[in-house]
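To keep things clear, I will list the structure first and then write my remarks on it.
By convention here, the first residue in the shown sequence is residue 1. None of the values given here were measured: they were computed from a predicted structure.
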Amino acid sequence: MTQIETSVKIAAPAQLVFAFFVPQRMPYWYGSEMEAHLEVQGGASDFAVAQKVRITGHLGKREVSHTAVVTALRQARLFEWRFEDRYGVKGLERWELDPMDAPTLRGAPATVVRMRSEYTMPGLLGKAMDWLVTRHAVARRNQDYLARLKRFAEHGEVE
């Protein structure tokens, strides 16, 4: 199993940062490169543990999708889901929000967001591709996700 961890310090309180972990706002920073759309089981407006989420989007002209199940959720602290795609890639993504005791230089509260991706690619070819390419692409992608979340939470900027 491959594990990738990325973190970012955001000059905003954890409650505000966590407001971007809802189905309507998450696509602004998560999956924006594929114009992701999150379809939540039952059309719910918020996530809940054990809820299925279908994530669809486009990479070039190709539609991509996978289903995730929310496995952990603690308001302003933690969000996690497990996923599997149609090619047999399985894994989880977890975001932990840690409020910082000391305010930032601007005097605002700050939050450290840690994102962890764990996944397994099937077959020998999948494992070789992961070692050569995928793990590096996932690390860059996760850094981009957190950078967009930071801009959005701190400044309200949407790309």
Side-chain atoms of residues 47-62: list all donor-acceptor pairs with protein atoms under 3.5 Å, sequence neighbours left out, distances to 0.1 Å.
unit_1 : atom_1 : unit_2 : atom_2 : d
Gln51  : OE1    : Ala48  : N      : 2.9
Arg54  : NH2    : Ser65  : OG     : 3.2
Arg62  : NH2    : Tyr87  : OH     : 2.3

### Within 6.0 angstrom of Glu35 CD, more than 12 heavy atoms from elsewhere
no
Near Leu132 CG, under 6.0 Å, is it more than 12 heavy atoms from other residues, nucleotides or ligands?
yes
Evaluate the side-chain proximity of [Y] to [X]: yes if any heavy-atom separation is below 4.5 Å, no if none is.
X: Val70; Y: Phe79; value: yes
X: Leu38; Y: Pro27; value: yes
X: Met115; Y: Ser117; value: yes
X: Arg77; Y: Gln75; value: no
X: Ile10; Y: Val113; value: yes

In short, salt bridge (charged side-chain N to carboxylate O under 4.0 Å, His left out) pairs touching residues 25-34 with sequence neighbours left out are Glu33-Arg148
Here the salt bridge (charged side-chain N to carboxylate O under 4.0 Å, His left out) pairs for residues 119-138, sequence neighbours left out, are Asp130-Arg135
Sorted by chain and number, sequence neighbours left out, side-chain contact (heavy atoms from CB on, under 4.5 Å) with Ala76 holds for Ala14, Gln15, Phe18
Residues joined to Tyr119 in its hydrophobic cluster, side chain to side chain under 4.5 Å directly or through other members, sorted by chain and number, are Ile4, Phe83, Val89, Met121, Val138
Open item on the list: Please confirm whether the ring centroid of Phe20 lies under 6.0 Å from the ring centroid of Phe152.
Closed with: yes
Show every donor-acceptor pair shorter than 3.5 Å between a side-chain atom in residues 92-100 and any protein atom, with sequence neighbours excluded, or say none if there are none.
unit_1 : atom_1 : unit_2 : atom_2 : d
Glu93  : OE1    : Tyr30  : OH     : 2.5
Glu93  : OE1    : Trp81  : NE1    : 3.0
Glu93  : OE2    : Arg141 : NH2    : 3.0
Arg94  : NE     : Glu96  : OE2    : 2.8
Arg94  : NH1    : Glu80  : OE1    : 2.6
Asp98  : OD2    : Arg114 : NH1    : 2.1

